[in-house]
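Remarks on the structure that follows.
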2 protein chains.
Amino acid sequence: MSIQPGAPGGCCSPLVREPVGEADAAELARVFKALSDPVRLRLLSLVAARSGGEACVCELVEPFDLSQPTISHHLKVLREAGLVTAERRGTWVYYRAVPATLGRLAAVLTPEAVTA
Amino acid sequence: MSIQPGAPGGCCSPLVREPVGEADAAELARVFKALSDPVRLRLLSLVAARSGGEACVCELVEPFDLSQPTISHHLKVLREAGLVTAERRGTWVYYRAVPATLGRLAAVLTPEAVTA
DNA sequence: GCCCTGAATCGACAGCTGTCAACATAGGCC
DNA sequence: GGCCTATGTTGACAGCTGTCGATTCAGGGC
């Protein structure tokens with residue numbers, strides 16, 4: 001999970017500044033792959049844009065014309081990519097976006113050295 | 001190609017600000033899918049980080065242990081996603097990154113309203 | 001304990017993706 | 001024109017991915 005906040009390495013300097021190494025590319029690709037599905041993008045956005053920053057699964061199934069196991073599968077992919085976290089509270093499971101992961105990706109994609 | 005510079009619509013407000021619509025999600029997913037392969041990430045980075053901002057295919061095949069047709073395939077995916085452009089000059093074809101597309105993605109992923 | 005509801009996992013299957021070898025196309029040079 | 005080099009395209013094939021129905025697991029309320 002080298003993309004997570006903890007990683008201090010050069011993993012997140014902009015793509016355009018220097019060629020990304022093999023290992024970093026593999027790690028980044030894993031996260032981008034999680035974002036490469038329209039359903040997952042909307043799920044992430046639904047969770048992140050919600051007031052309070054969290055949503056339970058039941059609220060996430062409704063907007064889609066998909067089965068609950070399918071939504072659950074997509075949420076798992078987002079979780080394993082470090083883009084969301086899940087917390088069980090009683091009967092329900094609440095999901096939250098992980099801003100740090102989003103920030104890392106944004107930094108990597110920044111076309112000019114705005115980060116400097 | 002609604003992600004290209006031309007599009008003035010609300011397509012690129014941050015993911016976390018409001019739920020992304022179905023159409024925008026599909027378009028974004030297309031571009032993220034192009035970034036979801038380690039080889040393509042490295043290709044994009046190799047092109048963008050190059051001094052002069054461009055690289056010919058011959059220079060891009062070399063760093064990989066892959067056949068030239070495979071690299072050509074990946075470059076086509078990047079091209080169709082609007083992430084790079086290709087220009088033929090004589091015998092060689094030169095690729096360039098498209099900063100505007102990268103910028104859009106970075107804006108969409110920005111966790112807080114830095115854009116405002 | 002028993003049942004009910006919310007969520008995750010499993011098994012299966014169609015469709016997509018990355019890769020290659022073989023071939024086709026484009027431009028320069030003799 | 002004819003050849004050579006640099007790219008792109010095609011066809012094929014293994015492996016991954018999104019989806020579902022069926023099942024299982026977790027908590028709460030009776």
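For the numbers below, each heavy atom of this structure counts, side chains included, while hydrogens, waters and symmetry mates do not.
The main-chain N or O of A/F32 is never found under 3.5 Å from a side-chain atom of A/R30 such that the two would form a donor-acceptor pair.
Nearest heavy-atom pair across A/A34 and A/L83 is CB-CD1, 3.9 Å. Nearest heavy atom pair, residue B/L35 against residue B/L105, reads CD1-CD1, 3.7 Å. For the residue pair A/V31 and A/A81, the shortest heavy atom distance occurs at CG2-O, 3.9 Å. Closest of all the heavy-atom pairs between B/A25 and A/L41 is O-CD1, 3.5 Å. In this structure, B/A86 and B/V93 approach most closely via the heavy-atom pair CB-CG1, 4.0 Å.
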In a table with atom names and distances, give each donor-acceptor pair under 3.5 Å that connects a side chain of residues 46-54 of chain B to protein atoms at least two apart or in another chain.
from  : atom 1 : to    : atom 2 : distance (Å)
B/R50 : NH2    : B/E59 : OE2    : 3.1
B/E54 : OE1    : B/R96 : NE     : 3.3
B/E54 : OE2    : B/R89 : NH2    : 2.7

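Rounding to the nearest 0.5 Å places CD1 of A/I71 at 5.0 Å from CG of A/L43.
For DNA chain D, the span of nucleotides reached by chain B at under 4.0 Å from its heavy atoms goes, 5' to 3', from D/dA6 to D/dT9.
Spacing between atom CG of B/D65 and atom C1' of C/dG18 amounts to 15 Å, rounded to whole angstrom units. In this structure, A/I71 atom CD1 and C/dA8 atom P are separated by 11 Å, rounded to whole Å.
Atom CD of A/E22 has 12 or fewer heavy atoms from other residues, nucleotides or ligands within 6.0 Å.
Cluster annotation: B/L44 and B/V39 are assigned to the same hydrophobic cluster (Ile/Leu/Val/Met/Phe/Trp/Tyr, side-chain heavy-atom contacts under 4.5 Å, transitive). A/L66 and A/V57 end up in the same hydrophobic cluster when Ile, Leu, Val, Met, Phe, Trp and Tyr side chains are linked at under 4.5 Å.
Residue contacts shown for B/L66 are limited to sugar-phosphate atoms, with no base heavy atom under 4.0 Å away. Across all strands, B/F64 comes closer than 4.0 Å to no nucleic acid atom at all (heavy-atom distances). Residue contacts shown for A/Y95 are limited to sugar-phosphate atoms, with no base heavy atom under 4.0 Å away. Looking at heavy-atom distances under 4.0 Å, B/H74 makes contact with sugar-phosphate atoms alone, never a base.
For residues 31-46 of chain B, the set of pairs meeting the side-chain hydrogen bond (donor to acceptor under 3.5 Å, both in side chains) definition, not counting sequence neighbours, comprises B/R40-B/H74.
A heavy-atom distance below 4.0 Å to DNA chain D is reached by these residues of residues 32-40 of chain A, ordered by number: A/K33, A/D37, A/R40. Contacts of residues 41-58 of chain B with DNA chain C (heavy atom under 4.0 Å): none.
Looking at heavy atoms from C-beta onward, B/L109 lies in side-chain contact with A/L109 at the 4.5 angstrom threshold.
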Are any protein N/O atoms closer than 3.5 Å to N/O atoms in nucleotides 21-27 of chain C? If there are, list each pair with its distance.
none

